[in-house]
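Since the structure comes first, as structure tokens, the remarks are kept for the end.
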Protein chains: 2
Amino acid sequence: MRTTPGTGRAAPTNRRITSYDVARAAGVSRSAVSLVLNGRADGVISAENQHAVRAAAKRLGYRPNRVARSLRDRRTHLLGVVTDVTSGPYGGGMITGATIRAAESDHLLLVMDARGRQQDEEAIGALLARQVDGLIIAPGSLCEWRPGEAFGQVPGILLDATDPDGRATCVVSDEVGGGHAATRLLLDAGHRDIALLTGLPAQVATGRRLAGHELAMSEVGGACRVITCGWDIDDGLREGARLLDGPDRPTGIVCANDRVAAGVMLAAARAGVDVPGELSVVGYDDDPSIAAQLDLSTIGLPHRAMGERAVELLLAAIAGQRLEPGELLVPAPVVERGSVRAR
Amino acid sequence: MRTTPGTGRAAPTNRRITSYDVARAAGVSRSAVSLVLNGRADGVISAENQHAVRAAAKRLGYRPNRVARSLRDRRTHLLGVVTDVTSGPYGGGMITGATIRAAESDHLLLVMDARGRQQDEEAIGALLARQVDGLIIAPGSLCEWRPGEAFGQVPGILLDATDPDGRATCVVSDEVGGGHAATRLLLDAGHRDIALLTGLPAQVATGRRLAGHELAMSEVGGACRVITCGWDIDDGLREGARLLDGPDRPTGIVCANDRVAAGVMLAAARAGVDVPGELSVVGYDDDPSIAAQLDLSTIGLPHRAMGERAVELLLAAIAGQRLEPGELLVPAPVVERGSVRAR
DNA sequence: CTGTTAGCGCATTCAC
DNA sequence: GTGAATGCGCTAACAG
């Protein structure tokens, strides 16, 4: 019986409704309440009492205490997320996708913002202490992340990151496919004289996109100029100008990202070269505040789908399925706009 | 004693370390472990035993189970967040700020993505079932949000949203101050012939920025053209062109946001009007992929500070402090770049 | 068909 | 100084 008042502890300011309150109101036992509310009552509890329980629960506004249930089940239905993506302008879509997919299975996201490997370890520790059922690590922008001590205590996934040792399960955008698709956009429009402005080699994405690009070129038996450029509008402006003023101007340029593409388009405008009339341009990222504005054909980053896939994998692993090491590639959507013209 | 094996329940796949394990390893009682690890041991537990406990805890990798603690304390140290901001490109900073400030006080964010009033109520219910200590509602982009039934069960704050009934505590950007500052940027540079391109009146921000603008103009005893424009680059392009081709061209234009400003600058370029030489332009939002690129002077959105303030207020409320109804205005940072020139 | 019991892991009395 | 007992709210097993 819990009729005795709390012993010596500070009295709760405003006690919440518990299953005991519902049981008393419905004139049944707590087990009956649990049975009814969890759908295990049929053939066990009389229809009459079932109704009484439901009515009482509703009237009282009873909400089963998930903390108590978690303690008992040794399962919190909580997914821990360590991320840096909320800071940046993009990538929030991963959180959105993850949240939504998780909610569909009655799971919630416990989010920690962290930057730097040291803090990551602490963050994971904090999440583990909260008894999260699984872990998602999303440091942002396809970086490398080497799992440490704490990672591995529960099922865990790397999101938009790769494990250099190849032991972890990673969900990443298909950069090779994206690079291939970007180039294919130009190839399929009949272009053969193509230049590629790549990002910085330090970034994982750069090499992969380049590989996809080369694959596409090899499919048509062609070759093209590859220029290490950078990620910013200035870089695109500089290299774009050089390309357009040079001896043999390409008819199409594949850019490292949309900012670079914007720079190229600006250079073209200055040089009096019409896009897409005389020059076709392809970007990457589908940057929300650039690509649509510039009517730029580009390759999107499937952030939301990545978040969804990560949660799906994680939930399966929590359910006991084995987590395969390696990378799960999420296809990058091709966004066709008006900056490419057939020739 | 818990020496008897679990009764009939599915055995935990990999039992975690509990305080009992630590106690046994250190040769003391569980209470001793609790006392030591919570800093209540001095003068109660021998230094020798204290050391033994700490050593054992470290060696075993003991992490106190926060779920159990939450159940006992009736306090989860969890802050529920209902938001839509992760979807959009901006506003993620609010989550970042909130996460960081919360973490400083050993609190974590439980995030639910929701759009639409109906789902909000459900989301809050789910969060309440998780026994969150407080609630933050951040529907995004300064909209109106009327608290429903569930809101109010625990301390709650509206973030980047206002309560039309004025009952809730809201944390919002100081839009009046921002509008004032934007105009002041031009006024202080000596401009008197100023045009204002406002956003759509349906948005709360529009009216407030306008009020700030008018306040600034009244300070110098001036008046100016106010033109309802919109939020996009096209709108800026259209209205900018009209203004520049018109009879008396202004020397400065305050824009609804950075996208509109970009449109205006584009119109200026087309009309052969030099910015800032012949025309000064001010934007709003400090849009990360526009403002810096265009060297645009603008007013920032203090997203991160807002998230921080919301958590601070919430934690204070959870600690027992009264939550004052009304709006807490977070100052909007003035970002001076090169698009304004003195005349 | 119902009510009682036990225990999830923790912190806190209160006897020893 | 320490250890046994208690209860947070819940559910599953078991005895009535």
Side-chain angles (χ1 to χ4, degrees), chain A residues 1-12 15-24 26-50 52-53 57 60 62-77 128-131, chain B residues 1-12 15-24 26-50 52-53 57 62-77 129-131:
Chain A
M1 292 286 276
R2 62 174 299 293
T3 45
T4 48
T7 54
R9 193 173 312 152
R15 212 174 57 71
R16 302 257 238 295
I17 304 298
T18 78
S19 73
Y20 178 78
D21 298 313
V22 177
R24 205 174 30 168
V28 300
S29 70
R30 269 160 49 213
S31 349
V33 173
S34 173
L35 256 14
V36 172
L37 264 28
N38 290 301
R40 254 179 265 286
D42 281 350
V44 183
I45 307 287
S46 71
E48 199 174 356
N49 277 350
Q50 288 200 36
V53 167
L60 263 29
Y62 171 62
R63 258 189 267 273
N65 183 327
R66 298 293 302 257
V67 172
R69 196 185 210 285
S70 292
L71 181 60
R72 203 203 129 78
D73 294 350
R74 272 107 129 221
R75 190 125 157 29
T76 51
H77 281 227
L128 254 17
R130 299 292 192 152
Q131 311 295 116
Chain B
M1 293 284 275
R2 61 174 299 293
T3 46
T4 48
T7 54
R9 194 173 311 151
R15 210 175 57 72
R16 302 257 238 294
I17 305 297
T18 78
S19 73
Y20 178 77
D21 299 313
V22 177
R24 207 174 28 165
V28 300
S29 71
R30 268 155 55 213
S31 349
V33 173
S34 173
L35 255 15
V36 172
L37 264 28
N38 289 302
R40 258 177 260 289
D42 279 351
V44 186
I45 307 286
S46 71
E48 199 175 357
N49 277 350
Q50 287 200 35
V53 167
Y62 172 61
R63 260 188 263 275
N65 182 327
R66 298 295 303 257
V67 172
R69 197 187 209 286
S70 293
L71 181 60
R72 201 205 126 81
D73 294 350
R74 274 107 130 217
R75 193 126 155 28
T76 52
H77 281 227
R130 298 291 191 152
Q131 310 297 114

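Everything numeric here is computed off the predicted structure, so don't read it as measured data. Note on naming: letters A, B, ... go to the chains in the order of the sequence lines (proteins, then strands), and numbering restarts at 1 for each one.
- Using a 4.0 Å cut-off, some side-chain N or O of A:Ser19 falls inside it from OP1 or OP2 of D:dC10.
- Taking atom CD of residue B:Gln50 and atom C1' of nucleotide D:dT2, one finds them 13 Å apart after rounding to whole Å.
- Closest-nucleotide positions on DNA chain C for B:Leu35 and A:Ala47 were compared, and the one nearer the 5' end corresponds to A:Ala47.
- Separating the CG atom of B:Asp73 from the P atom of D:dG7 is a distance of 17 Å, rounded to the nearest angstrom.
- Note that CZ of A:Arg72 is 12.5 Å distant from CG of B:Leu71, once rounded to the nearest 0.5 Å.
- Between B:Arg40 and C:dT12 there is a side-chain N or O to OP1 or OP2 distance below 4.0 Å.
- Ranked by how close their nearest DNA chain D nucleotide is to the 5' end, B:Leu71 and A:Asn38 are led by B:Leu71.
- Summary of helix geometry: the two end axes of the helix from C:dC1-D:dG16 to C:dC16-D:dG1, each defined by five base pairs via their C1' atoms, are inclined to each other by 60° (rounded to 10°).
- Counting heavy atoms from C-beta on, the side chains of B:Arg130 and B:Thr76 never come closer than 4.5 Å.
- Across every non-hydrogen atom of B:Arg16 and A:Leu128, the tightest pair is NH2-O, 4.2 Å.
- Remark: B:Ser34 pairs with B:Asn38 by the side-chain contact (heavy atoms from CB on, under 4.5 Å) rule, at least two apart or across chains.
- Of the side-chain N and O atoms in B:Asn49, one or more sit less than 4.0 angstrom from OP1 or OP2 of D:dT2.
- Per the geometry, CD1 belonging to B:Ile17 stands 15 Å off P belonging to C:dC8, to the nearest Å.
- For the OP1/OP2 pair of D:dG7 and a distance below 4.0 Å, the side-chain nitrogens and oxygens of A:Tyr20 include no atom meeting the criterion.
- Atom CZ in A:Arg16 sits about 10 Å away from atom P in D:dG9, given to the nearest Å.
- The heavy-atom pair separating A:Val28 from A:Val53 by the smallest distance is CG2-CG2, 3.7 Å.
- A straight line from CG of B:Asn65 to P of D:dC10 spans 17 Å, rounded to a whole angstrom.
- Within 4.0 Å (heavy atoms only), B:Ser46 reaches sugar-phosphate atoms of the nucleic acid but no base atom.
- Between A:Arg74 and the phosphate of C:dG9, there is a side-chain N or O to OP1/OP2 separation shorter than 4.0 Å.
- We find that CZ of A:Arg72 is positioned 6 Å from P of D:dA12, with the value rounded to whole Å.
- In terms of heavy atoms, B:Arg63 sits closest to A:Ala129 at CD-N, 3.8 Å.
- What separates CG of B:Asp42 from P of D:dT2 is a distance of 13 Å, to the nearest Å.
- Residues B:Leu37 and B:Tyr62 approach most closely at CD2-CE2, 3.5 Å, considering heavy atoms.
- When distances run from any side-chain atom of A:Arg30 to the nucleotides C:dG9, D:dT2, C:dA6, the shortest one goes to C:dA6.
- Within the 4.0 angstrom heavy-atom criterion, no nucleotide atom of any strand lies near A:Arg66.
- Comparing B:Ser31 and A:Arg69 by the nucleotide of DNA chain D whose heavy atom lies nearest to each, the residue mapping closer to the 5' end is B:Ser31.
- Looking at heavy-atom distances under 4.0 Å, B:Val67 makes no contact with the nucleic acid at all.
- Side chain of B:Gln50 to backbone of B:Ile45: a donor-acceptor contact under 3.5 angstrom is found.
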